[in-house]
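One is the number of the first residue; the rest follow in order along the sequence.
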Amino acid sequence: MLLAMSSLQKRIENAELLAKVVPVEEAVKHVTDGNTVAISGFTKSGEPKTFFPALARHFTETAPASRITLLSGASLADDVEGPMAPFIRKRGPYMSSAASRKLIHSGEMDFTDVHLSAFARNLMYGFYGEIDVAVVEVSRILADGSVILSSSVGISAEALFRARKVILEVNTAVPDYTGFHDIALPAVHPKVGWPLPLLNVRDRIGTPNVEFDHRKVVAVVESRTPDHPVPFKGTSETDRRIAQNVIAFLLQCRDQFGWGERLPPIQSGVGNVANAIIGELYTSPFQKIRFWTEVFQDGMLRYLEDDAKFENASATAVSFSADGRRRFMELFERCRDKLVLRPMWLSNSPEIISRLFVIAMNTPIEVDIYGHVNSTHIDGSRIVNGLGGSGDFFRNAYVSIVHTPSTRPLKDGRTVSCVMPYVRHIDHTEHDIKCVVTEHGYALNMDIRSPKRRAVDIIDKCAHPHFRPLLHAYLDMAGAGDEPRPTDLKALEGWWREYGEACTSFPKGG
């Protein structure tokens with residue numbers, strides 16, 4: 001205990017706040033029924049890993065009818081959100097918790113899916129009401145009471161600024177992240193926000209620490225829990241072929257638009273396909289690669305040791321597998337020089353994405369033959385997580401690439417097409433998408449041509465061959481028009497029966 005307190009004392013330079021260190025069981029009493037709570041955390045990084053499980057235990061034992069509104073940057077680890085889910089009445093703007101998802105579908109939890117660039121600004125504007133409590137993980141408290149965040153930024157700065165009460169969770173199990181962050185708050189009406197003076201990925205426009213009224217701090221607790229690892233599957237052959245097709249498209253753009261060996265900055269979504277693309281990009285002819293993205297993840301770590309291949313990266317969080325975390329710690333000091341962590345309203349800023357000519361790449365649930373994209377809902381109604389920042393990037397990118405396997409196996413043994421006649425929930429319209437990529441090829445939406453011609457390309461180049469005849473039959477049945485849809489309901493019902501049979505008869509092994 002003395003050793004732990006000594007470590008904590010080294011992280012807290014402000015005597016007033018050091019005196020507010022309390023057991024977490026005392027700190028949780030500051031959150032009560034009906035509160036709106038804004039917390040740190042983005043893609044399972046930098047969340048309050050000690051406070052939230054303790055709050056769940058406190059509510060379970062003393063106030064099981066309690067319900068709160070929970071606002072975070074993005075998804076939290078299951079260990080953090082799972083136990084709290086029964087006590088959350090309202091949730092935004094993104095989640096990946098199975099426990100929360102179940103409550104959302106049953107109508108017991110209200111969930112609002114918001115573009116991440118807008119969510120932090122909305123919080124500052126007061127659109128979500130007053131913030132009763134902010135709970136933020138930090139790696140250091142400075143002498144003036146300002147704080148150094150840890151592995152994510154998300155909405156941490158806005159939460160500290162807006163909240164009536166603040167609880168700081170000082171994590172002594174993570175390194176001191178001093179020097180990683182670039183913190184600035186969005187302007188609030190009637191003040192006019194100045195153009196963001198950011199011209200390169202490496203530029204900084206704010207401060208390395210979060211300045212706020214530290215008199216609002218009601219408790220400080222210690223955490224000794226590292227970030228929970230993000231599970232990644234090994235790269236499949238399908239992932240690899242998708243990645244190769246993405247690189248083939250980028251090489252085509254290089255030749256067509258005169259990029260040379262230096263790509264515009266890259267935004268890459270989270271997951272196995274995204275990591276496969278980053279891996280293929282490393283072996284491509286492109287040099288001095290820059291990332292302007294939301295999450296710095298496993299596939300990007302190999303770039304850090306290659307000055308010819310890599311220049312700089314900007315994100316709002318670092319999120320790794322267990323192996324990736326170990327590698328990150330080995331490269332920690334190099335990361336401090338090469339990586340900037342920003343609030344998500346900056347990492348996802350439409351102004352900056354457009355100015356820097358960012359290339360955006362994200363994986364959806366499904367696309368349709370005209371290029372509309374569903375990133376969030378299975379069968380149009382069952383939410384998976386949220387659109388996160390994909391809309392921010394797709395809408396404002398120089399080049400926007402949606403990449404997906406052409407099919408998806410279901411637990412009942414059927415295999416469905418990820419290229420559909422229409423998507424049942426539209427997160428991104430065809431106006432936002434420049435290129436659709438699957439393991440079979442890529443189709444462009446960059447020139448002037450009709451949606452029907454684009455549909456033929458998407459079917460022939462991206463859909464799985466097993467489903468192509470059916471998709472062409474749908475397009476023929478749709479008839480005339482700019483973006484035609486069939487009006488004969490009987491014929492449409494027949495098409496869906498045939499599609500169901502095709503899902504059942506899909507050849508084993510693909």
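Looking at residues two or more places apart in sequence or on another chain, you find a ring-ring contact (aromatic ring centres under 6.0 Å, His included) between Tyr128 and Phe119. Residues that satisfy the ring-ring contact (aromatic ring centres under 6.0 Å, His included) test with Phe286, not counting sequence neighbours, are absent from this structure. For Glu501, there are no side chain to side chain donor-acceptor pair (under 3.5 Å) partners two or more places apart in sequence or in a different chain.
The closest donor-acceptor contact from the side chain of Arg91 to the backbone of Asp110 lies at 3.5 Å or more, if one exists at all. Side-chain atoms of Arg355 come within 3.5 Å of backbone atoms of Leu196 as a donor-acceptor pair (strictly under, hydrogens ignored). Side chain of Lys102 to main chain of Ser100: no donor-acceptor pair is present (N/O by atom type, distance under 3.5 Å, no hydrogens or angles). The backbone N or O of Leu444 lies less than 3.5 Å from no partner atom in the side chain of Arg454, so there is not a single donor-acceptor pair. Checked by atom type and distance alone, the side chain of Asp182 pairs as donor or acceptor with a backbone atom of Ile205 at under 3.5 Å. With Asn362 contributing its side chain and Val402 its backbone, the two residues share no donor-acceptor pair below 3.5 Å. A donor-acceptor contact shorter than 3.5 Å links the side chain of Ser152 to the backbone of Ser45. Within the 3.5 Å criterion, the main-chain N or O of Arg290 finds no donor-acceptor partner in the side chain of Asn312. Remark: side-chain polar atoms of Thr316 are not paired, donor with acceptor, to backbone N or O of Ser347 under 3.5 angstrom.
Here the closest non-hydrogen pair linking Leu471 and Met420 is CD2-C, 4.1 Å. Heavy-atom minimum distance, Thr404 versus Pro364: CB-CD, 3.8 Å.
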Going through the checks in order, is the salt bridge (charged side-chain N to carboxylate O under 4.0 Å, His left out) test met by Asp227 and Arg325?
-> CA-CA 9 Å; Asp227 284 332; Arg325 177 71 55 188; 3.5 Å; yes
Ring pair (Phe, Tyr, Trp, His ring centres under 6.0 Å) between Phe467 and Tyr499, worked out = CA-CA 8 Å; Phe467 290 104; Tyr499 173 74; 5.6 Å; yes
Applying salt bridge (charged side-chain N to carboxylate O under 4.0 Å, His left out), run through Lys288 and Glu261 and close with a yes or a no.
-> CA-CA 8 Å; Lys288 290 290 184 182; Glu261 66 175 14; over 6 Å; no
Check step by step if salt bridge (charged side-chain N to carboxylate O under 4.0 Å, His left out) holds for Asp447 and Arg449.
-> CA-CA 6 Å; Asp447 59 356; Arg449 61 177 177 164; 3.5 Å; yes
Decide yes or no on ring pair (Phe, Tyr, Trp, His ring centres under 6.0 Å) for Phe506 and His464, but give the supporting numbers first.
-> CA-CA 10 Å; Phe506 187 84; His464 192 283; 4.8 Å; yes
Evaluation steps, salt bridge (charged side-chain N to carboxylate O under 4.0 Å, His left out), between Arg326 and Asp298 | CA-CA 10 Å; Arg326 286 190 288 272; Asp298 281 37; over 6 Å; no
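Residues Glu108 and Arg67 are not paired through a salt bridge, judged by the lack of any N-O separation under 4.0 Å between the basic side chain and the carboxylate. A salt bridge does not link Arg334 to Glu305: none of the charged side-chain nitrogens sits closer than 4.0 Å to a carboxylate oxygen. Ion pairing between a basic and an acidic side chain is recognised when a charged N comes within 4.0 Å of a carboxylate O; Glu237 and Arg240 show such pairing. A salt bridge is defined here as a Lys NZ or Arg NE, NH1 or NH2 lying under 4.0 Å from an Asp or Glu carboxylate O, and Glu311 with Arg262 meets this definition.
Remark: the Asp427 side chain and the His425 side chain contain an N/O donor-acceptor pair separated by less than 3.5 Å. Under the 3.5 Å distance criterion, with hydrogens and angles disregarded, a donor-acceptor pair is assigned to the side chains of Asn348 and Glu294.
Between Phe296 and Phe320, the ring-plane angle classifies as perpendicular under the 30° and 60° cut-offs.
Annotation: cation-pi geometry satisfied between Arg302 and Tyr282 (NZ/CZ under 6.0 angstrom from ring centroid, within 45° of ring axis). Geometrically, Arg424 engages Trp496 in a cation-pi contact, judged by NZ or CZ lying under 6.0 Å from the ring centre and within 45° of the ring axis.
Counting non-hydrogen atoms of neighbouring residues, nucleotides and ligands closer than 6.0 angstrom, the NZ atom of Lys452 exceeds 12 such neighbours. Shown here is Phe357, whose CZ atom has no more than 12 heavy atoms of other residues, nucleotides or ligands within 6.0 Å.
The distance from atom CD1 of Ile426 to atom NE2 of His372, rounded to the nearest 0.5 Å, is 5.0 Å.
Residue His428 is tested with Tyr370, Phe394, Phe393 for a ring pair (Phe, Tyr, Trp, His ring centres under 6.0 Å); the sole match is Phe394.
Less than 6.0 angstrom separates the ring centroid of Phe291 from the ring centroid of Tyr303.
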